[in-house]
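Both counts, for ligands and for their atoms, begin at 1 and track the order of listing. Keep in mind that this is a model prediction, so the values were computed, not measured.
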Amino acid sequence: MCGIVGGVAERNIAPILLEGLKRLEYRGYDSAGVGLIEKNTLHICKAAGKVQVLADKVKASKVRGSTGIAHTRWATHGIPSEKNAHPHASSEEIALVHNGIIENYLEIKAELASKYEFKSDTDSEVIAHLIHFYYAQSQDFAAAVKQAISRLKGAYALAVICRNNPRQMFAASRGAPLVVGIGIGEHFVASDSFALLPVTRQFIYLEDGDLAEISREYFTIWDKNGKETERQVQEILQEGSTDGAKAGYSHFMQKEIYEQPSVIAATLEGRIHAGEIQTTSIAPQFLERLKAAEHIQIIACGTSYHAGLVAKYRLEELGISTAVEVASEYLYRQNAVAKNSLFISISQSGETADTLAALEKAKKLPYLDYLTICNVAESALVRASNFALLTRAGREIGVASTKAFTSQLVVLDFLAMLISQAKKTPIKNSTITAYGNIPAEIKRLLELNEEIKKIANEIKDAKSCMFLGRGAAYPIACEAALKLKELTYIHAESYPCGELKHGPLALIDKTMPVIAIVQAGELGEKTMNNLHEVQARGGRLIVFADSRVNTNTIGEENIVLSLGVCQEEIFPILSIVPLQLLAYNCALLKGTDIDQPRNLAKSVTVE
Ligand code: G6P
């Protein structure tokens, strides 16, 4: 997965492309490049590393052009390096940027091996040569692109330019997103409309299999059958609350952690208010579906998967059997679909390739219906689902997800309440009221930051950490472990407390911090018993506990952080916040790249 921007204009578009790439760095940031046509000359400038390295190089080299393509990469084939960075050129005539994976690239490469010198290890370079191969025969750019893409197997979004046709660009999308941005006397393409918001608010989202020809004055779109087609123009009125600025915070992730009270308030708006569940914004057909649902299948990846795991506890409390699976596993096995089963995908970006592919697979199976819980209204997942409940977290830029996760938990709980209402299962008033308290409760927990910094100092040199929890605190332990490994590269494992005795206890010694999340009540008491087992074996405990939990038995050599009184229903949503701060502070101390951890990307649009 990678980010693509391109455009055909009158003005020099190098600055537009570079700004677009910066906005797309969430899709990958190991190398970047730009290809520009100026007076029938194709200039290519590439750099290993982040987009800023490329921007400095472009500035120094003074390359410019009014037609161009640009790319920020997340390596799939070939290591991150300048030679593997895009654009890939063929015979200094054709230049191409690609996002996705071409499954039959070796076959095509073998075919072209005697005719072209391959300069990179990528699957993408073969497409550039293939287009050139056809172009050399006919001198017809459009025909060459059409012929070449008809040969490709796999997923792609690509943009291609030709030195001899400087006012024209082709863009194709199959299994990877691409939008066309409509300007005045200029047109653009990008992997995400966000890249183009500084130049236009009008977009066309290409559909699967679409090919677009773009010029200054017009654009034409052909569908997957090669038929010229019209696609609806969509207008994005607002850039969103997180418009790229850190607003005084040191990192986007820090800003996003501190935004949680306000984004959760926004996510609750019109849904849960003053102790009441509001359904006016919910489609009646959707409520009918919820009434009929007897089973739920949740599919997601990464942090969104953890949100699904938390939701399972709530949904099963209501008597709705729920299965949660990572999308990549759901994809490659036989799936038995329970009667009246509702399929739910969860995704921050709505572009995750595995999640999208799982939805496509599920659509061929006899599910009752398809709902997505997503943060991006214009995303592929929302467009491909019959129903969507949007989290209103605003744009999340930090690669490690924070505010999107807590917003997902709120929406999933709202969904559980809608199901209860549809099935006429009583919901306690105190449960509904608790949600209104979340913003203030999170603000209170954010004030623990100074104490959390001290804990971060205690664990920063650990080689490995273990996170424990019971009940819904277990998926919170999973999410906390994920945050720590993403940000600090410290190995972190998560276990349900009851599993400790079945193996992981063997790992316990004084060098490995064991971080436990303890809710009030019976489950909390059981967790404390397990922590005594750790303590008895000389383990180093760090306990994040509701203040009602009796932690007096935890020895003084250990650490207890009181979370105050957290109402049971919202404990998962609240308890992750101090653990996000723990990972953040630990990364600060270690000096790692907080917003863009090594080897990762915000949105994984390849399988
Ligand atoms: C990537 C991100 C994770 C995210 C996961 C799923 O791995 O780095 O933070 O949780 O993708 O993304 P989604 O957008 O589908 O929630």
For residues [X] and [Y], is any side-chain donor paired with an opposing acceptor at under 3.5 Å?
X    : Y    : result
Q260 : T406 : yes
T303 : K483 : yes
T372 : S345 : yes
Q519 : S575 : no

In the protein, what heavy atom is nearest to [atom], and what distance, to one decimal place, separates them?
atom                    : result
atom 7 (O) of ligand 1  : V604 CG2, 3.8 Å
atom 12 (O) of ligand 1 : T352 OG1, 3.3 Å
atom 10 (O) of ligand 1 : T303 N, 2.9 Å
atom 11 (O) of ligand 1 : K602 O, 3.8 Å
atom 9 (O) of ligand 1  : V399 O, 3.2 Å
atom 6 (C) of ligand 1  : C301 O, 3.4 Å

Within 45 degrees of the ring normal and closer than 6.0 Å to the centroid, is that where the cationic atom of R395 sits relative to F194?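 Here R395 passes the 6.0 Å and 45° test against F194.
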When you measure from the heavy atoms of L600 to every atom of ligand 1, does any distance fall below 4.0 Å? no
Within less than 4.0 angstrom of ligand 1, does A601 place any heavy atom? yes
Check for me whether the distance between the ring centres of F343 and Y330 falls short of 6.0 Å. yes
Output yes when R23 and E19 qualify as a salt bridge under the 4.0 Å nitrogen-oxygen rule, no when they do not. yes
Can you say whether the rings of H71 and H86 are parallel (under 30°), tilted (30 to 60°) or perpendicular (over 60°)?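 Judged by the thresholds at 30° and 60°, the geometry between H71 and H86 is parallel.
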Can you sort out which atoms of ligand 1 are near S347, meaning under 4.0 Å from one of its heavy atoms? 13 (P), 14 (O), 15 (O), 16 (O)
Which is it for E351 and ligand 1 at heavy atoms under 4.0 Å: side chain, backbone, both or neither? neither
For ligand 1, indicate whether the residue N375 contacts it via side chain, backbone, both or neither (heavy-atom separation under 4.0 Å).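 It is neither part, as no heavy atom is under 4.0 Å.
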Contact (N/O only, under 3.5 Å) between T355 and ligand 1: no
